[in-house]
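Letters A, B, ... are given to chains in the order of the sequence lines, protein chains preceding strands, and every chain is numbered from 1.
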Number of protein chains: 4
Amino acid sequence: MMNEVWLIGRLTKDPEEKKTPNGKTVARMTLAVDRDYTNTDGERETDFIEIIAWEKLAENCIKHLGKGRLVSVKGRLQIRTYDDSQGTRRKAAEVVAEKVKFLDKAKENA
Amino acid sequence: MMNEVWLIGRLTKDPEEKKTPNGKTVARMTLAVDRDYTNTDGERETDFIEIIAWEKLAENCIKHLGKGRLVSVKGRLQIRTYDDSQGTRRKAAEVVAEKVKFLDKAKENA
Amino acid sequence: MMNEVWLIGRLTKDPEEKKTPNGKTVARMTLAVDRDYTNTDGERETDFIEIIAWEKLAENCIKHLGKGRLVSVKGRLQIRTYDDSQGTRRKAAEVVAEKVKFLDKAKENA
Amino acid sequence: MMNEVWLIGRLTKDPEEKKTPNGKTVARMTLAVDRDYTNTDGERETDFIEIIAWEKLAENCIKHLGKGRLVSVKGRLQIRTYDDSQGTRRKAAEVVAEKVKFLDKAKENA
DNA sequence: TTTT
DNA sequence: TTTT
C-alpha cells in the first residue's frame, strides 16, 4: 500500500535518545506543525506530531538537532496499539522518519 | 508549515455519518494500510488509520464507499487532544481528507 | 534536498523494455494523469508523464503491467539535459519510480 | 487522479514576473534540487526544475524571494506540449506551485 | 544558463 | 507538557 507523510515544523524539545534491547538507537521527537488556517476564534492551531527515527538517522538527529529547530520530515504514519496500566486498549500515532532535513542553522550557544 | 499525507488502503467498514451542531456533514472512516515489510515474526502488519471528511467530500464518501473499498486519500495529519471520562488528557490522530479517489469498482449487490 | 512525486494514472501503452550497456533492466512508461479541473473550454486536460523504473521494479512492471492499467507511482522528478541531433540543448523530464502499485486487476485475454 | 510534487531546493535566480493577456500575474522560477546520492563519478547531481506560480502566490514569491533562497514547494507536475519555431512538437515540464514556504531568512542588502 |  |  502507500503511506507517505511530509511535514515541516519545529522541534518542541531536544530529541530523546532511547536504545532497544538489542542496542539499536531510537530518537523520539515532537514536531510542532502550525496549521495554515486560523480557527473560528481567529487562532492558529498547531498539531504536535510524534516522530520516531531509527539507527543512523536517529544518531544524526540526536547529534545535530535541538529544541526549536526547523526541520522537514518525510516518513510514514504508524498506529501502534497497546494496553495501558488499567488494561485499556489505546492507540498511539507517530511518524516513522525516513528522511529528515535540517532547515535552519543551529544557534550558537543555545 | 507543511503537513501532507498520502495513503492507499481499504475501508474496514462503511463510512459513519455524523452531523455537526450547525448541520455540516462529517464522514468517519478507518483505512487499513498494509506495511511494505514483514516484521520479525514474518507477518505483514497493518496500520488502521482514522480518516475524517467534511461536507461535500463526506457526502460523496458516504454515498459511494463501503467496507472493503480500495481508496487513495490525500490529506493532512491532525492531532486532537481531549480529556477522557476519567479526566485524563488523551490524544487522537486522524487524517483530514482533502481528496479521496475511489480505486476499484463497487461490487454489485454487496 | 527533497524531491517527491506521487501520481495516479493509466499507462498509455505497454512498458517498453530497455537494457543498459552493463545489463540492467530499464522500463519506460507513460502515465496519463487527468487534471482535476476543466480548462476554460470546459475540457479536462491530461498530463502525459514519462516514468522510468530500474532493475527489479522494472522487471515487475514489464511482467505485470500493460496499456490502460491504473497505477500509483511514487518517485522523484528528474530533469535530464542532452543535445539533440541538431546540437541544440534540450531538457527531458521524467519521474524515476521508487514504488509502483497496481490498482486494478489485469484484464483476462487483453 | 492524483498528481502531487514536493520539492525543497534553492532558486537559481530571482523570480521572473510575467502577465497574462488578461492581467494575471505569473512568476517563473527555477529550483536547484540536489540529489541525495552521488553518481558513478562521485559527483552530486542537481535537478533544475521549472516552477510556475499564479496570482497572489506569484506576487508573494516576486516580492519576497530572490536568487539563492531556500524554499519548499508543493504543487503538481504539468507537461505542456508546444510547437517550436521549426514546427517540431516539444514538451516542457514544470511544477505548478500550490504552496511555497520560505525556509531561510532573506539576506540583508542582497 | 544555473542554487548553497 | 509543547516550537517560532
Side-chain angles (χ1 to χ4, degrees), chain A residues 7-16 28-36 38 43-51 61 64-73 92-95 100-107 110, chain B residues 1-3 77-83 87-93, chain C residues 1-3 77-83 87-91 93, chain D residues 7-16 27-36 38 43-51 61 64-73 92-95 100-107 110:
Chain A
L7 303 169
I8 295 181
R10 290 187 185 276
L11 295 195
T12 62
K13 53 182 190 299
D14 292 348
E16 187 183 351
R28 295 205 151 268
M29 297 166 277
T30 303
L31 206 62
V33 182
D34 295 328
R35 296 186 190 165
D36 284 348
T38 52
E43 290 159 354
R44 185 170 305 277
E45 291 183 88
T46 299
D47 291 294
F48 294 98
I49 299 175
E50 301 301 310
I51 310 289
C61 291
H64 294 109
L65 289 178
K67 181 178 175 174
R69 289 293 303 278
L70 184 71
V71 297
S72 72
V73 173
E94 62 203 5
V95 170
V100 177
K101 192 170 155 52
F102 311 154
L103 294 174
D104 54 5
K105 295 290 158 285
K107 296 194 199 73
Chain B
M1 302 286 179
M2 293 275 178
N3 182 337
L77 175 56
Q78 178 171 274
I79 310 292
R80 281 184 303 110
T81 49
Y82 64 95
D83 298 311
T88 311
R89 197 145 206 86
R90 301 260 173 235
K91 290 162 69 169
Chain C
M1 303 287 177
M2 293 276 179
N3 181 337
L77 175 55
Q78 178 170 274
I79 311 292
R80 280 182 303 110
T81 49
Y82 63 95
D83 298 311
T88 311
R89 195 144 208 88
R90 302 261 173 233
K91 289 162 68 170
Chain D
L7 304 170
I8 296 181
R10 290 186 185 276
L11 295 195
T12 62
K13 54 182 188 300
D14 292 347
E16 187 182 350
R28 293 204 151 272
M29 297 166 277
T30 303
L31 206 62
V33 182
D34 295 328
R35 295 186 191 164
D36 284 347
T38 53
E43 291 159 354
R44 185 170 304 277
E45 290 182 271
T46 299
D47 292 293
F48 295 97
I49 299 175
E50 301 301 310
I51 310 290
C61 290
H64 295 111
L65 289 178
K67 181 177 174 173
R69 289 293 304 278
L70 184 70
V71 296
S72 73
V73 173
E94 62 205 5
V95 170
V100 177
K101 191 168 154 53
F102 311 155
L103 294 174
D104 54 5
K105 294 291 158 283
K107 295 195 198 73

Q) With stacking defined as ring centroids separated by under 5.5 Å and planes differing by under 30°, is A:Phe48 stacked against F:dT3? A) no
**Q.** Listed nucleotide nearest any side-chain atom of D:Lys67, set F:dT2, E:dT3, E:dT2
**A.** E:dT3
Q) Ignoring hydrogens and angles, are the base of F:dT2 and the side chain of A:Thr30 linked by a donor-acceptor pair under 3.5 Å? A) no
Q: Please examine the side chains of A:Lys67 and A:Leu11, heavy atoms only from C-beta on, and report whether any two atoms are closer than 4.5 Å.
A: no
Q: Taking the side chain as every heavy atom from C-beta outward, state whether D:Val71 and D:Leu103 have any atom pair closer than 4.5 Å.
A: no
Q.
I'd like to know if the side chain of A:Asp47 reaches the main chain of B:Ile79, judged simply by a donor and an acceptor atom lying under 3.5 Å from each other, with no hydrogens or angles considered.
A. yes
Q: Respond yes when some side-chain nitrogen or oxygen of B:Arg89 is under 4.0 Å from OP1 or OP2 of F:dT1, and no when none is.
A: yes
(Q) In this structure, how many angstroms lie between the C1' atom of E:dT3 and the CG atom of D:Leu70, rounded? (A) 10 Å
Q: Find out whether B:Gln78 and A:Arg35 are in side-chain contact, i.e. whether some heavy atom of one side chain is under 4.5 Å from a heavy atom of the other.
A: yes
Q) Under 3.5 Å, is there a donor-acceptor pair between the A:Thr30 and A:Glu50 side chains? A) yes
Q) Between A:Arg28 (CZ) and F:dT3 (P), how many Å, whole number? A) 20 Å
Q: Whole angstrom is fine here: how far is it from CG in A:Asp47 over to P in F:dT1?
A: 16 Å
Q | Atom-pair distance (CG on A:Leu11; P on F:dT1), nearest Å | A | 20 Å
Q. Once you round it to whole Å, what is the distance between P of F:dT3 and CE of A:Met29?
A. 17 Å
Q: To the nearest Å, give me how far apart CD (D:Glu50) and C1' (E:dT1) are.
A: 10 Å
Q: Would you mind telling me which of E:dT2, E:dT3, F:dT3 lies closest to the side-chain atoms of D:Arg10?
A: E:dT3
Q.
Without decimals, in angstroms, what is the distance between A:Leu31 CG and F:dT1 P?
A. 19 Å
Q: Between F:dT2, F:dT4, E:dT3, spot the one nearest the side chain of B:Lys91, thanks.
A: F:dT2
**Q.** Nearest-angstrom distance from the residue atom CD1 of B:Ile79 to C1' of F:dT3
**A.** 15 Å
